[in-house]
Amino acid sequence: MSEIPNVLSIAGSDPSGGAGIQADLKSIAACGGYGMAALTALTAQNTRGVTGVHLPPADFVTTQLEAIADDVRVDAVKIGMLANVETIEAVGAWLAPRRGPGGPAVVLDPVMVATSGDRLTDDDTVAALRYLLSHADLVTPNLPELAVLLDTEPATTWPEALEQAQRLAQQADVLVLAKGGHLAGHDDGATAGRCPDALVGLDGVVLELDDERVDTTSTHGTGCSLSSAMATLYARFGDWPTALRAAKGWLTQALRDAADLDVGSGHGPVGHLGQLWAGKSVPDPRADVQYWWDLIEDLRARIDDVWFVKQLADGTLERADFEHYLAQDSIYLRTYSKVLSRAAQLAPTLDEQQFWANSASECLAVELGLHQARLAEAEARGETPTEGDAPMSAETRSYLNHLLSAAAIGSYAVVAAAVLPCYWLYQDIGTRLAAANRPDHPYADWLGMYSSPEFDAATQQAIAITQRLARQADPREREAMLDAYLESSRQEMDFFAQRRP
């Protein structure tokens, strides 16, 4: 099956090409999808405003939708202008049996107030649009539309916009994209010169992004364009935060590219295809390892709260617990060094071969040093433990099985992604733990190991290698890399949280 998603826009037309179906099809193409369209309204409009609307019968809208669905797989649906109750009900009836697992993702842009300020629907459609929210996964109102859906006044500050978005999310059980574009000129200063956007769910903000506001009057159809981009990019990447990161970056550049166009004398269109004309494509956020790091922000916070990490930091960790950790770490490092050796075998350049081989050798040296130190401490206490007698814990076995699987069947890029958390997470934790280090700390040597300049340098090189591989990978391999990285990160969390028998 093609990896190019089929995206259906159900919306009205704009003969000037900047909004509606015309903007949707350009946006879908620019974001890597195959665009299809079912017309719900014909408008007479240009960059200065709307002068007329003609509505096809609602049953003809249904006929269009059924013709498409009878022949073409629909991966995502973007819904735009639905100008009357009959059309809304027709679209809702067509969507209802297609909702749920295996159905298309649905993005609803409740077109009621255009960027120009024109009201595009009458009051009778508002209640029906509220009903249609139940058929959507994501709703993308501008601030005046958000206010209409809530029967309140438009937000004039970003915190107020977020509060209204959460209220709508709770009322309709839908994810809401709050957009800060309409705040220009009357915000409280917190977002002056900025253009924030946020995904907001029932419990609040899921993801908030901020970018510099582009100084342009070419804002015609921005809502249409962003919503169709979100539908396309969700169909490509499979989650809304990734889709928003990519869509916001694309639209910001499209606003800048509008300067290359000469269309109309009012609010002109964005440069939908400017990046394609320049030989570029919408960047995949998964190609940026900083995005990977951001994805595990909550997990990193949970690691900081793990009993072992907290007690290690303040020095209250019992000796037996620390020695249990060292024993499991010794078992882990012996196999981990083999995975690093596999990376060295797969690496295409001598520099990278040497880096992974040296890292494998260093693992063995660290393992031996930790084990010998533990034996020496035990002997000093009059104990005579047998080297290597510690049984492998379930957490250690699970982590090693994951790494061995990546090494056995994964590409070089996947292996690099799988081992990256053992560098990056340890360096991150070690840096913070080092702040708690002191000469009399019972585990001072261990704390210093992962905050050393040498380990910092090795971590940066591992990040750089993985970053290069992620950018060179095709979408399928990039997804496998991210999966391996996320699973290793989860395994690191479990490894820290394990307790001795």
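No hydrogens, no waters, no symmetry mates; every other heavy atom, side chains included, goes into these values. Please read all numbers here as calculations on a predicted model, not as lab measurements.
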Take D474 and R476 through the salt bridge (charged side-chain N to carboxylate O under 4.0 Å, His left out) test and state the conclusion after the steps. CA-CA 6 Å; D474 61 36; R476 187 166 299 176; over 6 Å; no
Please assess W94 against V61 for the test side-chain contact (heavy atoms from CB on, under 4.5 Å), listing each intermediate value before the final yes or no. CA-CA 10 Å; W94 179 81; V61 173; over 6 Å; no
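Checked for salt-bridge contact, R490 and E487 meet the test: a charged N lies under 4.0 Å from a carboxylate O. In summary, D137 and R99 engage in a salt bridge, as defined by a charged side-chain N under 4.0 Å from a carboxylate O. A salt bridge is absent between K248 and D211: the closest approach of a Lys/Arg side-chain nitrogen to an acidic carboxylate oxygen does not fall below 4.0 angstrom.
Taking all atoms of both residues into account, the shortest heavy-atom contact from P241 to V206 is CG-CG1, 4.3 Å. Scanning both residues, D75 and P5, for their nearest heavy atoms gives OD2-CA, 3.3 Å. Closest approach of K179 to T140, counting heavy atoms only: NZ-O, 3.0 Å.
Annotation: side chain of V106 is not in contact with side chain of H135 (no heavy-atom distance under 4.5 Å). Looking at heavy atoms from C-beta onward, Q467 lies in side-chain contact with D288 at the 4.5 angstrom threshold. The closest side-chain heavy-atom distance from H220 to V263 is not below 4.5 Å. Residues E208 and W158 are in side-chain contact: their nearest non-hydrogen atoms beyond the backbone lie under 4.5 Å apart. Looking only at side-chain heavy atoms (C-beta outward), L8 and L65 come within less than 4.5 Å of each other. Using a 4.5 Å cut-off on side-chain heavy atoms (C-beta onward), S218 and L255 make no contact. Side-chain contact between V270 and S225 is present, with at least one heavy-atom pair separated by less than 4.5 Å.
For Y412 and W356, the side-chain atoms include at least one donor-acceptor pair closer than 3.5 Å. No hydrogens or angles considered: a donor-acceptor pair under 3.5 Å links the side chains of Q290 and D294. For the residue pair Q164 and T152, no side-chain donor N or O sits within less than 3.5 Å of a side-chain acceptor on the partner.
Checked by atom type and distance alone, the side chain of R98 never pairs as donor or acceptor with a backbone atom of G103 at under 3.5 Å. At distances below 3.5 Å, not a single donor-acceptor pair connects side-chain atoms of D483 with backbone N or O atoms of L486. N6 places no side-chain N or O within donor-acceptor distance of the main-chain N or O of V74, the cut-off being under 3.5 Å.
Ring geometry for Y399 versus F495: interplanar angle over 60°, hence perpendicular rather than tilted (30 to 60°).
Taking CD from Q491 and CG from L425, the interatomic distance works out to 12.5 Å, rounded to the nearest 0.5 Å.
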